[in-house]
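Encoded as structure tokens, the structure appears first; notes follow it.
Computed from a predicted structure; not experimentally measured. Both backbone and side-chain heavy atoms feed into the values below; hydrogens, waters and symmetry mates do not.
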Amino acid sequence: MAPGIGGFGGLFPLGDSYLVAGIDGVGTKVLLAFESGFHESIGIDLVGMSVNDIVTSGAKPLFFLDYFATGRLDVDTAEKVIKGIVDGCQRSDCVLLGGETAEMPGLYKDGEYDLSGCAVGIVKKDPVIDGKNIVAGEVLIGLPSSGVHSNGFSLVRRLLREQRLYENQISGLSLKDQFPGGHVTIGEALMAPTVIYVKQVLDLISKGGVKGIAYITGGGFTDNIPRVFPEGLGAVIDKDYWEIPMVFKWITRWKDRRV
């Protein structure tokens with residue numbers, strides 16, 4: 001209904017530059033945070049989901065704002081979440097400018113909360129990265145993830161449900177169980193924070209040659225990569241070119257066992 005809304009980040013003209021803004025949350029990953037107690041990582045996730053969007057335009061993040069909503073404020077939990085947000089801002093080299101904490105009894109169960117956050121960055125108009133100059137024959141480069149990041153946790157939770165907490169037990173595993181073939185628990189593997197790509201990507205851009213950037217989130221390769229291509233272009237991806245992280249092999253194995 002609102003024409004002109006941007007791609008991964010919205011661009012607002014300001015003199016010879018664009019302000020680039022992005023807003024996001026962490027989805028149902030918060031439910032695993034409640035169970036596992038990994039609240040710091042969820043704060044990093046929150047920052048990462050927004051700053052990774054705006055850096056696709058080549059924008060340097062300037063500041064971040066957060067919104068923390070809960071039924072009754074648990075100061076210890078909130079402190080852990082905010083600590084993670086501060087950590088995420090430091091990893092993105094941006095300022096945590098402010099935020100809002102809301103108590104809404106009756107809307108959230110005890111011990112539960114939800115998060116959203118907004119990042120704003122800036123990029124000069126001339127070197128803005130928008131994919132318009134991409135031509136046939138370009139090389140596609142992928143940067144590795146740390147795991148599931150902050151997407152797909154509705155599926156993860158369906159595969160992980162314990163009978164004492166959820167309906168329709170499938171795998172019967174606990175977050176405290178050892179992750180197969182690893183030295184961490186399942187909770188630690190799944191709650192690994194989202195990689196914040198800002199410094200790495202801006203460094204690559206500074207070297208020249210980057211024409212388009214896609215942030216691979218909920219829609220995966222097929223939804224997100226085409227968003228940066230001019231009409232008529234596509235990508236050929238060799239899925240055997242890299243080693244699939246163990247956590248995805250584990251998820252696929254359990255998914256394939258579902259009835």
Atom pair CE (M104) and CZ (R72), whose distance is rounded to the nearest 0.5 Å
15.0 Å

Given the rule in the salt bridge (charged side-chain N to carboxylate O under 4.0 Å, His left out) test, do E243 and K249 qualify, once you have shown the distances and angles that lead to the verdict?
CA-CA 10 Å; E243 177 66 25; K249 293 180 179 179; 2.6 Å; yes

Is it true that L233 and I141 fall in one hydrophobic cluster, defined by side-chain heavy atoms closer than 4.5 Å?
no

Considering only heavy atoms from C-beta outward, does the side chain of F229 approach that of I225 to under 4.5 Å?
yes

Answer yes or no: is there a side-chain heavy-atom contact under 4.5 Å between V228 and F8?
yes

What residues form a ring pair (Phe, Tyr, Trp, His ring centres under 6.0 Å) with F248, not counting sequence neighbours?
none

For D76 and K80, what are the C-alpha separation, side-chain angles and deciding distance, and is it a salt bridge (charged side-chain N to carboxylate O under 4.0 Å, His left out)?
CA-CA 6 Å; D76 290 339; K80 291 177 182 177; over 6 Å; no

Verify same cluster id: V47, L97 (apolar side-chain graph, 4.5 Å)
no

So Y215 and Y197, would you call those rings parallel, tilted or perpendicular, with 30° and 60° as cut-offs?
perpendicular

Can you list the steps and then say if E40 with V81 is a side chain to side chain contact (heavy atoms under 4.5 Å, CB included)?
CA-CA 5 Å; E40 290 93 341; V81 174; over 6 Å; no

Could you verify whether a donor N or O on one side chain and an acceptor N or O on the other, from D45 and T194, lie under 3.5 Å apart?
yes

The side-chain hydrogen bond (donor to acceptor under 3.5 Å, both in side chains) partners of K199 (sequence neighbours excluded) come to none

Relative to the ring of F221, is the ring of W242 parallel (under 30°), tilted (30 to 60°) or perpendicular (over 60°)?
perpendicular

Mind telling me whether Y113 and F68 have parallel, tilted or perpendicular rings, with 30° and 60° as the class edges?
parallel

Worked verdict on V128 versus V20 for side chain to side chain contact (heavy atoms under 4.5 Å, CB included):
CA-CA 10 Å; V128 67; V20 187; 6.0 Å; no

Could you list the cluster mates of V236? Members are the ILVMFWY residues connected by side-chain heavy atoms closer than 4.5 Å, either directly or through other members.
none

On the six-membered ring of Y18, is K125 placed so that its NZ or CZ lies under 6.0 angstrom from the centre and within 45° of the ring axis?
yes

Does the side chain of V247 reach to within under 4.5 Å of the side chain of L190, using non-hydrogen atoms?
yes

Taking only Lys NZ, Arg NE, NH1 and NH2, and the carboxylate oxygens of Asp or Glu, determine whether D203 and K207 approach each other closer than 4.0 Å.
yes

